[in-house]
Every structure is written in structure tokens, then in C-alpha cells.
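Worksheet: one structure, shown below.
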Amino acid sequence: MKTLKHYLTLTLPILFLGCNVGPKPIDYGNDGCHFCKMTIVDKVHAAEIVTQKGKVYKFDAAECMVHFMEDIDTSEIKLYLSNNYTEPEVLIDATMATFLISKNIPSPMGAFLSAFKNKSDAEKVQQKNGGTLYNWHELLNHLNK
């Protein structure tokens with residue numbers, strides 16, 4: 001019994017640590033976009049998908065992430081993440097974000113798409129640069145037309 005308890009005490013923490021499902025930092029200038037294969041350099045427009053099993057897909061733009069979704073089983077996705085426009089390199093929950101498409105704010109793949117953690121931040125940037133605001137579901141419908 002002591003051996004089993006000792007074994008479980010040592011192996012269970014390792015198993016739980018190995019099953020950590022979450023985002024991974026993007027290595028700007030080195031990581032490549034899983035969809036378009038371009039190197040990810042823009043610290044404001046990058047995105048990431050994390051599957052239920054912990055596989056991470058990185059993208060140079062949110063539009064690449066959305067188009068990649070057409071090729072996979074979305075029921076296996078745990079997290080959709082986008083960079084927050086007002087905090088470069090900070091990943092936010094894309095399903096809760098407000099998106100702005102403005103011709104005055106270029107994004108890497110030409111969709112002029114930026115994500116914001118707070119709707120109020122998106123509205124401020126929209127007032128200055130114009131464009132249209134979308135929530136996650138509206139954005140998916142807009143990009144998949």
C-alpha cells in the first residue's frame with residue numbers, strides 16, 4: 001500500500017502538469033501562421049486557437065484564424081484568442097471581444113480587422129478611424145459570406 005501511495009504521489013502531479021491546456025506565447029518574428037504560413041510579426045493582430053487536447057495553432061491575423069476554422073472540427077476547440085489592439089501581445093478571448101473593421105487600420109492579411117477586449121476601447125478607436133463594429137458571431141457571419 002505504501003508503494004502505491006508513493007507512486008501516486010509522484011505521478012499524479014506530473015500527469016496534471018502535462019495536461020495543462022492553455023495559450024502559448026507567440027514568438028514574434030519566428031512563429032509561422034498555421035493558415036497562410038507567413039511569419040507572425042504584428043504584435044497587435046495575431047491570434048491563436050487552443051484545442052481541448054492542448055494543441056495550439058498560431059495565426060498572424062484574426063482573419064486567418066477564422067478562415068482556418070473552415071478546415072477543422074470546431075467542437076474540438078477550447079479557446080479562440082486574439083491580440084488586444086490596445087495592449088500589444090496580450091491575448092484575449094476572441095468570443096468575448098469586440099472587433100473593428102476599419103480601412104484606416106491595416107492588418108497583416110488585408111481584412112483591416114482588429115480585436116478589442118473592451119467595447120468602449122473599440123468605440124473610441126472607431127470614432128477616430130471609422131469602420132464597423134462586430135461581436136464574435138457577427139464577425140464570423142461577415143467573414144464567411
Side-chain angles (χ1 to χ4, degrees), residues 5 7-145:
K5 183 178 177 183
Y7 174 77
L8 290 175
T9 303
L10 292 175
T11 58
L12 283 179
I14 293 169
L15 289 174
F16 287 119
L17 289 173
C19 297
N20 186 9
V21 175
K24 303 279 189 257
I26 296 172
D27 185 3
Y28 297 93
N30 291 307
D31 283 341
C33 177
H34 198 81
F35 182 74
C36 74
K37 309 303 182 211
M38 289 178 55
T39 301
I40 303 170
V41 295
D42 187 326
K43 297 178 180 184
V44 175
H45 293 101
E48 197 169 280
I49 284 176
V50 181
T51 69
Q52 301 287 351
K53 293 181 179 179
K55 182 166 177 134
V56 175
Y57 298 95
K58 299 176 183 181
F59 306 95
D60 66 340
E63 54 265 35
C64 283
M65 175 175 65
V66 171
H67 294 306
F68 176 76
M69 291 167 50
E70 298 167 10
D71 298 331
I72 63 169
D73 179 1
T74 56
S75 69
E76 295 180 9
I77 297 173
K78 180 175 182 172
L79 299 169
Y80 297 94
L81 304 162
S82 279
N83 280 111
N84 185 10
Y85 182 83
T86 60
E87 297 177 274
E89 298 186 47
V90 174
L91 290 168
I92 59 172
D93 181 347
T95 66
M96 302 302 293
T98 300
F99 293 88
L100 173 64
I101 295 179
S102 171
K103 295 288 184 187
N104 295 314
I105 305 173
S107 62
M109 295 306 295
F112 302 95
L113 176 62
S114 303
F116 296 82
K117 183 176 182 177
N118 301 309
K119 186 174 184 179
S120 60
D121 290 341
E123 291 169 337
K124 288 176 191 171
V125 174
Q126 180 192 33
Q127 287 174 352
K128 181 179 176 187
N129 294 287
T132 305
L133 297 177
Y134 299 89
N135 66 32
W136 176 248
H137 296 290
E138 293 167 339
L139 178 69
L140 295 179
N141 288 334
H142 177 76
L143 292 178
N144 291 318
K145 287 182 182 178

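Note that the structure is predicted; figures quoted are calculated from it, not measured.
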Side chain [X], main chain [Y], donor-acceptor under 3.5 Å:
X    : Y    : result
Q126 : G131 : yes
N135 : E138 : yes
K24  : Y57  : no
S102 : G130 : yes
N84  : K117 : yes

Any heavy-atom pair between the side chains of [Y] and [X] that's under 4.5 Å?
X    : Y    : value
F35  : E63  : no
L143 : E70  : no
E76  : K55  : no
M109 : D60  : yes
D121 : T98  : no
D42  : S107 : no
N83  : V44  : no
L140 : M69  : yes

Locate the shortest heavy-atom distance separating [X] from [Y]; write the atom from each residue and the value.
X    : Y    : result
A47  : I26  : O-CD1, 4.1 Å
A122 : L133 : CB-CD2, 3.8 Å
P25  : K58  : O-NZ, 2.8 Å
L79  : G22  : CD1-CA, 4.2 Å
N129 : N104 : O-ND2, 2.6 Å
A111 : I101 : O-CG2, 3.5 Å

State whether a side-chain donor-acceptor pair under 3.5 Å links S120 with N118.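 No - no donor-acceptor pair under 3.5 Å links their side chains.
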
Kindly compute the distance separating [atom1] ([X]) from [atom2] ([Y]), expressed to the nearest 0.5 Å.
X   : Y   : atom1 : atom2 : value
D31 : T39 : CG    : OG1   : 9.0 Å
H34 : E48 : NE2   : CD    : 12.5 Å
I72 : I49 : CD1   : CD1   : 4.5 Å
D71 : T74 : CG    : OG1   : 11.5 Å
S82 : M96 : OG    : CE    : 13.5 Å
T51 : I77 : OG1   : CD1   : 8.5 Å

Parallel, tilted or perpendicular: ring planes of F68 versus F59, cut at 30 and 60 degrees: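 F68 and F59: tilted rings.
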
With under 30° as parallel and over 60° as perpendicular, where do the rings of F99 and W136 fit, or are they tilted in between? tilted

Atom NZ of K37 with >12 non-hydrogen neighbours under 6.0 angstrom: yes

In sequence, state the C-alpha distance, the side-chain angles, and the governing distance for I40 and Y28, and then conclude on side chain to side chain contact (heavy atoms under 4.5 Å, CB included). CA-CA 5 Å; I40 303 170; Y28 297 93; 3.9 Å; yes

Stepwise, does the ring pair (Phe, Tyr, Trp, His ring centres under 6.0 Å) test hold for F116 with Y85? CA-CA 6 Å; F116 296 82; Y85 182 83; 5.1 Å; yes

For H45 and I105, what are the C-alpha separation, side-chain angles and deciding distance, and is it a side chain to side chain contact (heavy atoms under 4.5 Å, CB included)? CA-CA 10 Å; H45 293 101; I105 305 173; 4.1 Å; yes

